[in-house]
Amino acid sequence: MNVGDERSTSFWMESGPAIEASPLTSDAECDVVVVGSGIAGLSVAYELSRFGRRVIVIDRGRIGRGMTARTTAHLATELDDFYSELIRVRGEDEARLYHDSQVAAVNRIEAICRDEGIDADFARLDGYLFPAREADRADLEEEYQACRSIGVDVEGANKAPVPGIDTGPALRFPNQGRFHPTKYLAGLARAIVANGGELHADTVHVSDKEVDGGVEITTERGVVIRAGAAVFCTNSPTNDKVAIHSKQIPDRTYAIAGRVPKDSAPDALLWDTLEAYHYVRIQPLGDAENLLIVGGEDHRSGEENDMEERFARLEQWTRKRYPSFRSTDYRWSGQVMEPIDFMPFSGRNPGSSNIYVHTGDSGMGITNAVAGSLVILPLILGEDSRYAPLFDPGRKSAALPAATEFVRGQAGAVKNFTEYVRPGDVGSADELAPGEGAVIREGLSKVATYKAEDGTVTRRSAVCTHLGCLVHWNGFEKCWDCPCHGSQFAPGGQVLNGPAVKPLASAD
Ligand code: FES
């Protein structure tokens with residue numbers, strides 16, 4: 001199981017081809033084992049396979065049905081946290097290099113689509129950043145100056161192309177991109193297999209160790225994969241206990257999608273300036289219609305359970321700005337790992353010789369993942385990567401202002417441990433409606449209690465098996481979310497998303 005088994009189905013999950021792969025049932029050897037089969041894992045595996053490396057990709061669930069299938073797949077080179085912020089934290093030279101990595105990532109996706117004949121609806125288009133409030137215009141001006149200072153291609157526009165409102169002055173970023181992520185993953189998977197690689201679904205990494213210049217990965221079935229190197233490309237790394245998890249926090253984000261008449265909404269990427277910003281794109285559907293996809297309403301994972309209100313606000317926001325939006329046909333959520341200094345962690349795992357990791361994608365999941373593959377490939381080949389120091393997972397954390405999202409997020413992790421002594425969400429399972437879950441206090445214990453539609457009650461320990469934070473019920477996806485480092489568990493306690501590798505313990 002992975003997050004593809006959560007309740008909602010994204011448009012990408014429904015419209016992209018399934019990638020068939022069987023579990024790994026006997027010991028295996030390869031040059032590189034990749035854990036995780038999203039855009040990061042398959043990009044790394046693809047690049048290595050082109051250089052003749054024998055790769056094995058494993059995933060705890062279906063191939064290509066992790067968080068990548070829960071994005072909205074903007075291929076943006078404008079940084080969602082703003083280059084003005086990145087310059088403040090890392091300086092102009094690193095901000096310039098980071099922007100260069102994002103341009104390289106979009107170019108790489110375009111080249112792979114062309115070279116491998118992948119029809120993933122890739123298109124170049126403009127991106128627009130527009131102010132959510134009058135007061136944000138100064139932020140736009142600051143971002144414009146920051147972009148110009150590091151050579152980002154940007155220009156001022158009188159307004160963004162949002163049909164229902166006058167946005168006021170906006171920034172236009174030419175040459176951004178969009179594509180269909182699960183069609184792209186299917187194309188990568190095909191190419192990896194054609195290059196001699198293997199993909200194994202329902203194959204769960206539970207432990208790893210470095211041995212004799214290589215790595216051994218053990219799976220839940222007790223199968224051992226011996227490889228020269230291992231690359232962990234899960235949303236939140238399953239190989240790491242603390243080093244990287246202290247430098248990123250998990251956020252849930254939400255998306256809705258509905259059909260609109262063609263040409264009623266421009267084919268562009270759009271973002272506003274709220275901290276939990278709205279993001280908009282279209283996906284071509286046919287001659288007469290497009291799909292309008294709108295995301296936003298982010299919050300720290302596990303800290304809110306008001307998803308219906310969030311979806312209602314998203315729909316209201318959309319109708320005002322896109323009057324042709326008729327009805328919401330799809331609703332889904334995903335998890336974004338927010339890194340401390342706005343850039344992902346890609347490279348050699350801290351303290352390891354032959355273990356590599358990619359995580360910390362922020363809201364730039366697709367481009368950061370592909371940029372990560374451009375870092376990890378040369379490192380494994382023994383070559384230099386000019387992006388490697390920038391993305392180094394062991395880099396020192398920059399001092400951040402106390403108001404940043406990251407600092408507030410870390411405070412949330414500390415607060416979580418105070419819940420051990422607080423009452424439960426409800427007094428007993430009798431108070432639960434069918435299909436709902438809640439944490440119940442039983443003496444000194446907290447029990448994650450789920451009542452199925454047929455009334456059957458499942459009880460698991462509410463203590464996350466990663467580092468012991470308490471999980472919270474997610475009523476929309478029908479799963480348990482851990483606010484600390486992003487683990488997610490099925491109602492019955494099975495792991496859907498790391499860093500946890502063990503299910504919630506029995507409460508009986
Ligand atoms: Fe780390 Fe739950 S994910 S304690």
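We count residues from 1, following the sequence as given. Numbering of ligands and ligand atoms starts at 1, following listing order. Because the structure is predicted, anything quoted here is derived from the model rather than measured.
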For this session: Hey, could you give me each pair passing side chain to side chain donor-acceptor pair (under 3.5 Å) that has a residue in residues 365-375? Not counting sequence neighbours.
Result: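 Listed once each, the pairs are Y98-N368, Q102-T367, Q102-N368.
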For this session: Answer yes or no: are there more than 12 heavy-atom neighbours, outside K502 itself, under 6.0 Å from its atom NZ?
Result: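 Open.
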For this session: Could you tell me whether D508 atom CG has more than 12 heavy atoms of other residues or ligands within 6.0 Å of it?
Result: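 Yes.
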Problem set entry | For L97, side chain to side chain contact (heavy atoms under 4.5 Å, CB included) partners two or more places apart |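 Expected list: R386, Y387, L390.
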Exercise. Ion pair present between E216 and R226, side-chain N to carboxylate O less than 4.0 angstrom?
Worked result: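 Looking at E216 and R226, the cut-off is met.
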For this session: Run the salt-bridge test on R54 and E29 with the 4.0 Å N-O cut-off and return the result as yes or no.
Result: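 Looking at E29 together with R54, the answer is no, because their closest N to O distance does not fall below 4.0 Å.
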For this session: Give a yes/no answer: is there an N/O/S atom of H485 under 2.8 Å from atom 1 (Fe) of ligand 1?
Result: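 Yes - counting backbone and side chain alike, H485 has an N, O or S atom under 2.8 Å.
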For this session: Check whether any N, O or S atom of C482 sits under 2.8 Å from atom 1 (Fe) of ligand 1.
Result: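 Checking atom 1 (Fe) of ligand 1 against C482, no N, O or S atom falls under 2.8 Å.
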For this session: Assess C469: does it contribute an N, O or S atom lying under 2.8 Å from atom 2 (Fe) of ligand 1?
Result: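 Looking at C469, which is the residue asked about, there is no N, O or S atom under 2.8 Å from atom 2 (Fe) of ligand 1.
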Problem set entry | L467: numbered ligand 1 atoms lying under 4.0 Å from its heavy atoms |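 Heavy-atom distances to L467 below 4.0 Å select 1 (Fe), 4 (S).
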For this session: May I ask you to list the atoms of ligand 1 that are less than 4.0 angstrom from any heavy atom of G468?
Result: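 Heavy-atom distances to G468 below 4.0 Å select 4 (S).
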For this session: Answer with yes or no whether A500 contacts ligand 1, where contact means a heavy atom under 4.0 Å from a ligand atom.
Result: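 Judged by the 4.0 Å heavy-atom criterion, A500 does not count as contacting ligand 1.
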Exercise. Where on S487 is there a heavy atom closer than 4.0 Å to ligand 1, on the side chain, on the backbone, on both, or on neither?
Worked result: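 S487 to ligand 1: contacts from backbone and side chain alike.
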For this session: Please find the N/O/S atom of H466 nearest to atom 1 (Fe) of ligand 1 and write down its name.
Result: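 Of all N, O or S atoms belonging to H466, ND1 is the one nearest atom 1 (Fe) of ligand 1.
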